[in-house]
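As structure tokens, the structure follows; a few thoughts come after it.
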Amino acid sequence: MTGQTPPFPERKREGAAIEIPRTENGSPARLVTIFGSLDVKGGKRAHYIFDVGQQRYAEVALPADRPLLSLARRAPAAAWYERELQDQYGIEIVGHPDPRPLIFHDNWPDGVHPMVDPVDGVPWANRDYRFLEVQGEGIAEVAVGPVHAGIIEPGHFRFSVVGDTVLNLELRHFYTHKGVEKRFEGSSVTDGVLLAESVSGDNCFAHAVCYSQAVENACAIDVPAQASAVRLIGLELERLVCHISDVGGLCADVGFSVAAAYAARIKESLLQASAQCCGTRYWRGIAVPGGLRHDLDSGKVLELSQEVERAHREFSDIARLILETPSIQNRFEKAGILRPEAARDLAVVGVVARSSGVDLDVRRDHPYGRYEHHSFEIPVTDYGDVMARANIRIAEAATSARLIEEAARSLPAGAVSVPFRADGEMRGSSAVESPRGELWYWMETRDGRLARCHIKSPSFQNWPAMPFAVAGNIIADFPLINKSFNLSYSGCDR
Amino acid sequence: MILDVIERSLRQPSRLIPVEALLGNCDGSRMPDVVVDHLTPDIARKLSEVCPTMAFGIEAQEGRDCLRLSYGRCIGCGRCMEAGQGCVIAAKHFHWCGVTKAQTVRFWDIDGRAEITPHAPNPQDTRGQIPSLLQRALNIRQLDAGSCNGCEAEITALTNPYYDLERFGIHFVASPKHADMLLVTGPVTRNMADAVRATYEAVPAPKLVVAVGACGCSGGIFAGSHAIVGAVDAVIPVDGYIPGCPPTPSMLASGVLEVLRRRLAR
């Protein structure tokens with residue numbers, strides 16, 4: 001019934017290829033990210049990062065002035081990264097199943113690659129962009145966005161439907177692309193954290209900590225115990241706030257507005273407690289390379305932790321009641337199933353992965369900061385539906401509340417930052433389990449300034465999985481499924 | 001069960017913040033204020049050096065060296081408060097929400113140690129007109145032109161039980177065709193520029209446009225990026241500016257009411 005027009009002819013050309021590393025048990029390692037950089041002489045390089053287990057990330061780097069053979073057919077998770085390599089660096093990817101431009105839209109001229117070409121006064125162009133056409137009797141196309149009906153970020157969704165049922169969803173994103181990775185270039189290492197904080201506003205603390213850790217790894221310094229403990233509190237609070245907000249958002253999307261308002265109230269109480277404790281509602285300007293910007297009053301941290309305890313008690317109570325509601329079960333169960341095979345192939349991370357049977361959490365797999373001082377369970381289930389993602393969030397909120405309480409109770413005393421010198425050439429990377437999943441930063445300096453900073457954002461990784469969860473559902477369930485993934489547009493688009 | 005959730009909800013005391021407490025409140029925003037008694041040429045120079053977005057700068061006004069503070073550029077990073085040796089503190093009250101672009105800029109005569117801002121907003125204006133403002137309804141369409149979603153998170157908070165913007169007759173609507181006001185966040189990215197113009201066109205006249213956040217007011221931390229066109233007013237006409245990174249819900253509510261007041265006063 002559905003005839004697809006193959007828009008892109010297969011190209012037969014040679015290119016350099018990499019071997020996918022294997023983990024200890026012999027299976028192919030999970031792809032973490034792919035990004036480009038320039039060496040001192042201006043030669044292009046492509047970096048492939050894999051999670052090889054045993055608390056190790058492995059890097060495979062290739063010179064990329066010649067074409068590279070696409071990895072996407074062997075590892076579908078590579079598809080968007082390779083398109084980004086083409087857009088940013090003009091690195092030719094041979095045999096890519098979908099080589100269309102990704103981050104720049106119709107008004108960007110062909111052949112201008114911002115990481116290698118001058119970007120002053122880039123002329124406005126009018127390129128063609130072809131969406132996948134799904135043809136057949138009774139198939140209609142529904143185009144949504146970039147401007148959506150609500151207080152949401154922009155993105156474009158193209159649904160092919162038969163009646164109410166979605167046959168195919170095609171995404172077109174990067175409307176909020178701000179050229180962040182390019183903006184890092186030439187910035188001082190200390191200023192870089194301000195950009196990192198502005199990549200994804202509701203996860204700003206995870207970004208600030210991840211960037212700071214990458215710098216600290218590059219300089220081989222350890223931050224003081226108090227700074228690590230406060231960072232842990234901030235990271236877990238961000239997760240707690242995010243999960244509470246998401247459960248409320250799911251209720252809002254099925255018309256259960258009383259529960260949505262209840263969750264919004266709990267979230268607001270935590271933001272106000274944060275403002276009392278550290279001066280900002282979302283923990284901006286707290287984490288910096290070397291530790292913390294300033295000391296936090298231990299009494300105020302304790303007050304925050306008491307507020308967290310109270311807020312979480314209320315949340316777990318209301319969450320239980322929400323999930324016991326038959327009409328909620330009716331909407332959440334079997335909606336938006338992401339199968340474990342698709343989740344693995346697309347190397348999804350975070351709550352989305354753990355709801356689809358992929359047992360993955362940076363806090364345990366690549367421990368950082370003070371996480372080794374705490375024990376915690378990682379909830380995993382393989383139902384893969386909206387209900388599974390709601391359940392995982394509720395379980396994780398409990399863990400976060402407990403970790404905050406433990407850390408606040410035994411807050412170490414002493415300094416909150418150590419001096420560091422960022423001179424000459426350095427490289428560092430770091431991972432953080434952000435509320436949306438694995439966040440990974442890579443930075444390189446030359447003459448003490450940033451030459452390159454790459455952000456692997458969990459949203460960039462997870463968005464391509466969304467169409468697989470949406471296909472077969474009714475179009476009216478899309479907002480619900482989308483909310484259950486809770487992906488950041490800005491974090492993806494950068 | 002639904003009834004249990006409703007019962008729990010009804011047992012909650014009201015959290016509503018009275019409008020008098022909302023206006024001018026900026027807790028948790030880290031917007032700076034200058035204690036002019038401590039201002040020296042040395043501190044003024046230091047402030048303009050540490051500010052990452054050039055919100056602080058030194059400019060000549062009426063032939064005198066002045067410290068300039070553009071709230072529209074401030075990302076609330078707090079560096080000025082560390083470098084200012086008591087000369088810069090976190091603002092206790094903030095009256096620069098919903099004002100004109102010229103009004104978001106303050107000047108202090110460095111040698112004379114006095115504020116000489118030419119276009120200062122009058123904080124009593126909105127407060128005095130609350131009753132008349134509340135007799136009207138306002139439909140707002142929020143438009144993300146490329147923000148980091150920090151502003152969206154705070155705008156969403158306006159509908160929670162603490163701020164409850166609906167009490168002022170202010171609603172967020174789904175279509176620009178139903179809107180009186182566009183609340184625009186983010187620097188306008190190259191990829192969003194057309195959509196921003198089209199959304200503006202779709203709002204029926206008379207219409208109000210409010211630029212929200214450091215990015216919306218000035219491009220913020222992203223000013224100068226190849227992937228953005230600029231602040232909101234680089235693409236569509238803007239009636240009022242709400243600084244902050246992100247502005248808190250109180251600042252947003254104050255700003256929306258101030259823009260409304262200015263409109264009615266015209």
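First the proteins, then the strands, lettered A, B, ... as listed; each starts at 1.
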Report task. Write down the atom of B/Ala195, the atom of A/Pro146, and the distance for their closest heavy-atom approach. Result -> CB-CG, 3.9 Å
**Report entry** For the student: nearest non-hydrogen atoms of B/Arg30 and B/Met81, plus distance
**Finding:** O-CE, 3.6 Å
Report which part of [X] has an atom under 4.5 Å of a heavy atom belonging to chain A: side chain, backbone, both, or neither.
X: B/Ser29; value: backbone
X: B/Ile2; value: both
X: B/Ala223; value: backbone
X: B/Thr53; value: neither
X: B/Phe172; value: side chain
X: B/Val229; value: side chain

Contact origin within [X] toward chain B - heavy atom pairs under 4.5 Å:
X: A/Arg320; result: side chain
X: A/Asp317; result: side chain
X: A/Leu323; result: neither
X: A/His294; result: side chain
X: A/Val122; result: both
X: A/Phe256; result: side chain
X: A/Ser269; result: both
X: A/Tyr282; result: side chain
X: A/Cys204; result: neither
X: A/Ile103; result: backbone

Between [X] and [Y], is there a side-chain N and carboxylate O pair less than 4.0 Å apart?
X: A/Glu314; Y: A/Arg265; answer: yes
X: A/Asp246; Y: A/Arg436; answer: no
X: B/Lys92; Y: B/Asp33; answer: no
X: A/Arg310; Y: A/Glu307; answer: yes
X: A/Asp106; Y: A/Arg172; answer: yes
X: A/Asp191; Y: A/Arg183; answer: no

Query raised in the report: A/Leu292 versus A/Ser417: any side-chain heavy-atom pair under 4.5 Å?
Result: no
Query raised in the report: When only pairs under 4.5 Å are counted, which of B/Ser175, B/Cys245, B/Pro52 shares the most heavy-atom pairs with chain A?
Result: B/Cys245
Query raised in the report: So B/Tyr71 and B/Phe94, would you call those rings parallel, tilted or perpendicular, with 30° and 60° as cut-offs?
Result: perpendicular
